[in-house]
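First up is the structure itself, then whatever we jot down about it.
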Amino acid sequence: MIVCVLLPRLELVVACGDRQALLADPVALAPEPGKVQNVGEVSARAEVLGVRAGMRLGEALARCPQLVLVPPDPAGVAEQWEGVIARLESVGAAVQSERPGQACFDATGLRRLHGGSLEGILAAVRAALRRPARLGVAPTRFCALAAAQRARPRRAEVVGGPFADALARGWRPGAGHAPRATARATAVAAAYLAPLPVVLLSARPATAALVEPLERLGVRTLGELAALPRGKVADRFGPPGLIAHALARGQDEPLRPRAPGERLREALELPESASGLQLEQALGMLVDRLLARRERRGRTLRAVVLAARLVEGGTWRERVVFRQALADPDRMRLAIAPKLALLPAPADAVSLAVERFGPPASDQRPLVDEPAALRDARLREAVRQVRAVAGPEAALRVLTVDPDSRVPERRAILSPFEPGEPG
Amino acid sequence: MSGPRRLNVPRPIEVRPDGDGRPLAVDGRAVQAVRESWLVEDRWWTDRPLRRRYWEVVTEGGRNVVVFHDLASGDWSGQRG
């Protein structure tokens with residue numbers, strides 16, 4: 001069973017900081033400097049007045065002239081959310097998080113750690129979080145998220161009742177019963193989702209764009225969507241439609257938890273608001289400090305996150321992926337320094353954190369370079385870089401399946417690219 | 001990645017046909033010439049047979065477009081040949 005932990009409007013709550021009373025008014029996150037001019041998360045009062053997250057700033061202000069805009073705090077959100085995930089991992093959960101404020105983990109393996117029941121696991125999660133959160137328990141991630149959105153702050157929403165508890169108790173069907181148990185879990189999820197509105201699909205980036213056309217076509221609930229023939233949904237909406245259709249029918253991709261990582265971060269308070277050369281010097285100091293940390297244990301750095309607290313309020317955050325895993329402070333400074341030019345305002349604090357480590361620095365080169373091996377190594381490195389920047393689907397290759405087929409979509413497919421493969 | 005993904009998947013397209021099913025406009029652009037038309041019938045032995053009438057047309061502006069009419073569902077789709 002999947003447990004979904006939901007902290008509603010986390011980005012807005014973090015951005016409001018000490019001014020939590022603001023949340024009772026129509027408030028929205030202001031667009032980030034230099035990015036698309038859409039508002040971010042909005043308060044419940046703003047929602048009542050017709051403002052939605054992702055709406056153009058002009059339209060939001062036209063609908064609600066009294067709307068208060070709060071500067072976003074991406075660095076603060078990342079820090080708080082990292083703390084929440086670390087606390088969930090501290091109770092033994094292997095966590096997957098698609099966006100700040102929303103995390104999922106499989107409860108099945110945690111039973112013996114927390115008293116042998118689902119209630120024990122949920123109580124441990126609440127104790128670890130030390131803040132109000134909505135918890136949903138269901139057979140799939142999407143269904144658990146739907147349950148968490150309907151849960152009360154102090155009472156988890158459990159989909160499937162005794163069946164859920166049996167799965168969480170570690171009940172495993174025998175070899176011959178596994179497909180039947182999976183089908184049962186899918187049916188339980190589909191039945192729960194059926195009366196819920198299609199707007200839930202906006203929680204997934206792949207299906208968010210379908211909500212509006214579905215509603216326009218009169219498909220109001222996930223049950224109505226699930227009842228449509230799969231082929232017709234595919235014809236009308238393509239691959240996103242198929243994903244939405246599978247979600248509505250209680251199917252979902254398996255959980256892909258992150259590997260619990262180490263946190264390595266250096267921060268520097270600047271006595272006066274700094275920009276330009278002062279910031280570059282501060283960056284040099286942060287790089288030196290980060291590389292000097294014992295926890296690095298000789299490893300190179302593959303990706304870092306540069307963050308700053310802005311003088312005029314709000315924060316700024318930029319991810320830097322190195323072309324080659326580095327441990328050389330000069331090359332690292334050269335790679336990060338251009339990002340400082342993107343700062344929208346002077347900063348009074350900067351920080352540098354490791355997002356991903358590379359291999360150890362003792363990278364011994366071979367005596368004789370073979371051109372083919374060299375090319376292959378470069379290709380592997382390029383693929384790793386592209387995937388580090390743009391995710392696992394960034395490097396794909398075209399695989400010819402049936403080149404003479406009269407149906408064009410059967411001729412070739414895209415599959416993950418592995419260097420060294422032919423073609 | 002969840003698994004292999006198909007290439008050249010048909011995408012819905014707006015086509016205005018005449019009475020014989022011949023495209024007159026594709027995505028609001030008038031069709032200037034029909035280069036070729038062919039029929040694909042496949043998987044007729046299964047529950048989900050495939051019946052498509054393909055049209056390769058030239059729209060105003062000189063663009064080459066391949067569209068097909070799904071003879072089972074009646075929908076029009078565009079596809080790279």
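Just so we're on the same page: letters track the sequence lines, and every chain starts at 1.
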- Task: Check whether more than 12 heavy atoms from other residues, nucleotides or ligands sit under 6.0 Å from atom CD of B:E14, and answer yes or no.
- Result: no
- Around B:R53, counting heavy atoms of other residues, nucleotides and ligands shown, do more than 12 lie under 6.0 Å from its CZ? yes
Pick one of side chain, backbone, both or neither for [X], based on which atoms fall under 4.5 Å of a heavy atom in chain A.
| X | answer |
| --- | --- |
| B:S77 | neither |
| B:I13 | neither |
| B:Y54 | side chain |

- Assess whether salt bridge (Lys or Arg N to Asp or Glu O under 4.0 Å) is satisfied between B:D42 and A:R410, documenting all intermediate values. CA-CA 12 Å; B:D42 199 5; A:R410 290 194 194 135; 2.7 Å; yes
- Query: Which heavy atom of A:D235 sits nearest a heavy atom of B:P12, and at what distance?
  - Reply: O-CG, 2.9 Å
- Work out which heavy atom in A:R406 is nearest to a heavy atom in B:L39; give both atom names and the distance. NH1-O, 3.7 Å
- Task: Indicate yes or no for a side-chain donor-acceptor contact from A:R411 to the backbone of B:L7 under 3.5 Å, with no hydrogens or angles considered.
- Result: no
- Query: Is a side-chain N or O of B:R6 found less than 3.5 angstrom from the main chain of A:E409, in a donor-acceptor match?
  - Reply: yes
- Message: Could you check whether any side-chain heavy atom of A:V407 comes within less than 4.5 Å of a side-chain heavy atom of B:R52, counting everything from C-beta outward?
- Response: yes
